[in-house]
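Okay, structure first, notes after.
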Protein chains: 2
Amino acid sequence: MELDDRKLRILKAVIQNYLETGEPVGSRTISKYTDLKLSSATIRNEMADLEELGYIIQPHTSAGRIPTDKGYRLYVDDMMNQKAEELSTREAEVADREKEVESMKDMLSEKVDRVEELLQNVAKVLAKDTNYATMITSPQVKGNKLKFVQLSFLDEDKLLAVIVMEGNLIRNKVIRIQDTLSQEDLLKLNILLNTSLNGLTLEQMSIAMVKTMENQAGEHVGLIKDVLEAIVDTIRNADDLKIYTSGATNIFKYPELSDSNKASELIYTLEEKQSLTGLVSEESDEASNQGIQVYIGNETPIDTMKDCSVVTATYELQDGMKGTIGIIGPKRMDYEKVVGTLQTIRTQLDGMLKKT
Amino acid sequence: MELDDRKLRILKAVIQNYLETGEPVGSRTISKYTDLKLSSATIRNEMADLEELGYIIQPHTSAGRIPTDKGYRLYVDDMMNQKAEELSTREAEVADREKEVESMKDMLSEKVDRVEELLQNVAKVLAKDTNYATMITSPQVKGNKLKFVQLSFLDEDKLLAVIVMEGNLIRNKVIRIQDTLSQEDLLKLNILLNTSLNGLTLEQMSIAMVKTMENQAGEHVGLIKDVLEAIVDTIRNADDLKIYTSGATNIFKYPELSDSNKASELIYTLEEKQSLTGLVSEESDEASNQGIQVYIGNETPIDTMKDCSVVTATYELQDGMKGTIGIIGPKRMDYEKVVGTLQTIRTQLDGMLKKT
DNA sequence: GTTAGCACTCATTATTGTGGAGTGCTAATA
DNA sequence: TATTAGCACTCCACAATAATGAGTGCTAAC
């Protein structure tokens, strides 16, 4: 059996209706809903075929049909193709998007000193806008290069190391010391560190570290070792993935997700964040879908989200750092809106971050 | 009518039983549960009295009794008094606590570089340990005094200001500049800032700021203004309250809280965090209850927690910074355990933070 | 003052019944 | 041959009803 054009139209109608209502949709509804003038009986026949083909299913004998994962997949793929063709040329929608982003910027510009807050806010705004749960990761770099280090006295027994990496990633680290150190010693140490370490990646540093220590042996060897260790440690942790989530409670808006067990599991994964790393897409098939991935039901990499759909987007900043935005909702989520929103956000984010 | 000793014992028995089971408790249960040898009929009479006195209530005519807020209050107050007397002298319990804290330290020592992570972890461990939702605030200072400022070049058009306050609170701020600045200029600026600002609170600073600017007028006035503004701004934000929560999904373990609406509201407040500021206790009645507050039902300052009980503890670090830990659970929470745990945590926290 | 006994109440659970939405099938129609 | 009208059938959802049982209040006896 073939999936001819009429079947496709009926299938889309079923899915669209189900996205709106969340209720199984019957033949009579379709017969009136669509512009193809067909009686409910005909629709019924077609729907029986669609069921045989695996696109829809009926939850029980005398109910309407709901889409299967396969059905959603077809629908989403089709939509993504259209999106690609259109390239958002439809005026009304573009205007809408613009406005949306504008209002988003307004909300974001409130008080965003730190990247952290901005990302948290993006998650929040996105959640409010879409009525789904959202997540966003901090931008990641590949090889963190050291730009400079700055040591200063904090107390008699403590040093403050300010570590700046390429891309102006800044970290502070308090180092406890035993040796008493003069102001001059500190100055020397600063110079030594910066001349020998700047521009190095973490890997190169471990090697450079040993050499430096050999050359400089004698005074304050223990101290230097401590300081180097602290720096290396800090850099290693600097690019650890931070994940921000928001709108977890939005899932209660969808009855199919809000029974106690499912909700609890879902919210737990969102709160715990750990397993969300599974969503950061390794390779983004940039070409076909502009860094946007749609996972439907079982396709998602996270077990607790088998009853959800997840849409992720990869954003990329001008300096090459990449991050992931994710939207988690019911399988009957408004894919069109979500994909559209993510498309614009992912391109706007760079500008937002630059502005801070 | 009086609340004689027998009534009190029965009341306690009712509450204890209800804490365990969460079910209304009947006269027969009490008759067997307690060591006072009384028939169910007698208990019934007493319970009728207790109801009249407002300590217990029956959800419907032929059900057992459950404690009212007033009942809980009596129970908790009584317990707190006992605690105060005992001063945790019971060996078994103390040993338990020790072990608990020990295992907590183990979990915490894993990888805690930053205070932020430590606090987040405390919340997490506490939630896991108690099976309730938890929150913890960052330690707060009253008047933030500046220790020193350190400016360095980040890019041609950006300065990095490292701002260190008393108590070694460290903040970074990137400042965008228009003027081109020589290395010497920067050095001068650093000296100027540190000689005129060190040891000042935020309030004093605004005044000092103006004077400094007047004295130094001429070169780079705009720049100085920008830098000062950035510093003031940073300090102002430095002591903004950060709140960490964990274990929100624990509430699903208690049927009386896990219906969709209540759960959603509760988790939302925990996720949003904003309104949790209502829990940071202004004045802690240190004397009577060692900085521990118990809010039962309507007593809690937060609307969405009317069906919960909240126990808060104030912790204080050696350098005088204070913070709040809170535990949010059902009204039938295990007050004894919670209070005990908080008592030990709040004293241990200082040590944990020092260790980092 | 305490207790045994009994009638009564009312939430909970199971049982049954009914209405309606929606289907599949068949026969008639274009 | 494709479409449609008609009808019997299925099964969920919901309401009404009945059965169960835990627990009470009250009274009378101890």
Side-chain angles (χ1 to χ4, degrees), chain A residues 1-11 13-18 20-68 71 255-256 259, chain B residues 1-11 13-18 20-68 71 255-256 259:
Chain A
M1 189 167 12
E2 274 296 284
L3 184 69
D4 57 27
D5 184 61
R6 194 171 74 176
K7 284 192 175 52
L8 188 66
R9 290 183 68 183
I10 293 174
L11 175 58
V14 169
I15 295 181
Q16 259 159 28
N17 195 282
Y18 184 70
E20 285 167 22
T21 63
E23 298 287 313
V25 11
S27 54
R28 218 174 108 77
T29 313
I30 298 298
S31 161
K32 288 189 291 186
Y33 189 86
T34 58
D35 46 357
L36 28 80
K37 303 284 184 198
L38 291 176
S39 78
S40 63
T42 314
I43 306 287
R44 272 202 291 285
N45 289 328
E46 295 290 51
M47 275 164 72
D49 290 354
L50 283 170
E51 179 158 14
E52 201 179 328
L53 287 166
Y55 292 112
I56 52 181
I57 204 172
Q58 43 186 345
H60 60 263
T61 320
S62 72
R65 305 305 212 288
I66 62 175
T68 60
E256 65 265 46
D259 93 278
Chain B
M1 186 167 16
E2 274 296 282
L3 185 68
D4 57 25
D5 184 61
R6 194 172 74 175
K7 283 192 176 51
L8 189 66
R9 290 183 67 183
I10 292 174
L11 175 59
V14 169
I15 296 182
Q16 258 158 28
N17 195 282
Y18 184 69
E20 286 166 23
T21 63
E23 297 287 312
V25 13
S27 55
R28 218 174 108 77
T29 314
I30 298 298
S31 162
K32 289 190 293 186
Y33 189 86
T34 58
D35 46 358
L36 28 79
K37 302 285 183 200
L38 292 175
S39 78
S40 62
T42 313
I43 305 286
R44 270 203 292 283
N45 289 329
E46 295 289 52
M47 276 164 71
D49 290 354
L50 283 170
E51 178 158 13
E52 202 178 327
L53 287 166
Y55 293 111
I56 51 180
I57 204 174
Q58 43 186 344
H60 60 263
T61 320
S62 71
R65 304 304 212 290
I66 62 175
T68 61
E256 65 265 47
D259 93 278

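None of these values were measured; they are calculated from a predicted model. Chain naming here is simple, since letters A, B, ... match the order of the sequence lines and numbering starts at 1 in each.
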Rounded to the nearest angstrom, tell me the gap between atom CD in B/Glu23 and atom P in D/dG21. 17 Å
What distance do A/Ile15 atom CD1 and A/Ile10 atom CD1 have between them, rounded to the nearest 0.5 Å? 12.5 Å
Please examine the side chains of A/Leu3 and A/Asp49, heavy atoms only from C-beta on, and report whether any two atoms are closer than 4.5 Å. no
Kindly say if B/Arg28 contacts the phosphate of C/dT3, meaning a side-chain N or O under 4.0 Å from OP1 or OP2. no
If only side-chain N and O atoms of A/Ser62 are considered, is one of them under 4.0 Å from the OP1 or OP2 phosphate oxygen of C/dT23? no
B/Thr68 side chain vs B/Gly54 backbone, donor-acceptor pair below 3.5 Å: yes
Counting only heavy atoms not in B/Leu8, do more than 12 sit closer than 6.0 Å to its CG atom? yes
How many whole angstroms separate atom CD1 of B/Ile57 from atom C1' of D/dG23? 16 Å
Atom-to-atom span, CG of B/Asp5 to P of C/dG1 - whole angstrom: 17 Å
Verdict with reasoning, B/Glu46 to B/Ile30, per side-chain contact (heavy atoms from CB on, under 4.5 Å): CA-CA 11 Å; B/Glu46 295 289 52; B/Ile30 298 298; over 6 Å; no
Euclidean distance, atom CD of residue B/Glu51 to atom P of D/dG23 [Å, nearest integer]: 15 Å
Main chain of B/Ser39, side chain of B/Ser31: is a donor-acceptor contact present, judged purely on distance under 3.5 Å? no
Using atom NE2 of A/His60 as one end and atom C1' of C/dG24 as the other, report the distance to the nearest whole Å. 15 Å
Residues of residues 30-46 of chain A with any non-hydrogen atom less than 4.0 angstrom from an atom of DNA chain D: list those, numerically ordered, please. A/Lys37, A/Leu38, A/Ser39, A/Ala41, A/Thr42, A/Arg44, A/Asn45
Less than 4.0 angstrom between a side-chain N/O of A/Arg65 and OP1 or OP2 of C/dA21, yes or no? no
Does a side-chain heavy-atom distance below 4.5 Å link A/Leu53 with A/Lys7? yes
Which nucleotide in C/dT23, D/dT24, C/dT2 has an atom nearest any side-chain atom of B/Ser27: D/dT24
Take the protein atom CE of B/Met47 and the nucleotide atom P of C/dT2, then report the distance between them rounded to whole Å. 16 Å
Just N and O in the side chain of A/Gln58: are any of them under 4.0 Å from OP1 or OP2 of C/dG24? yes
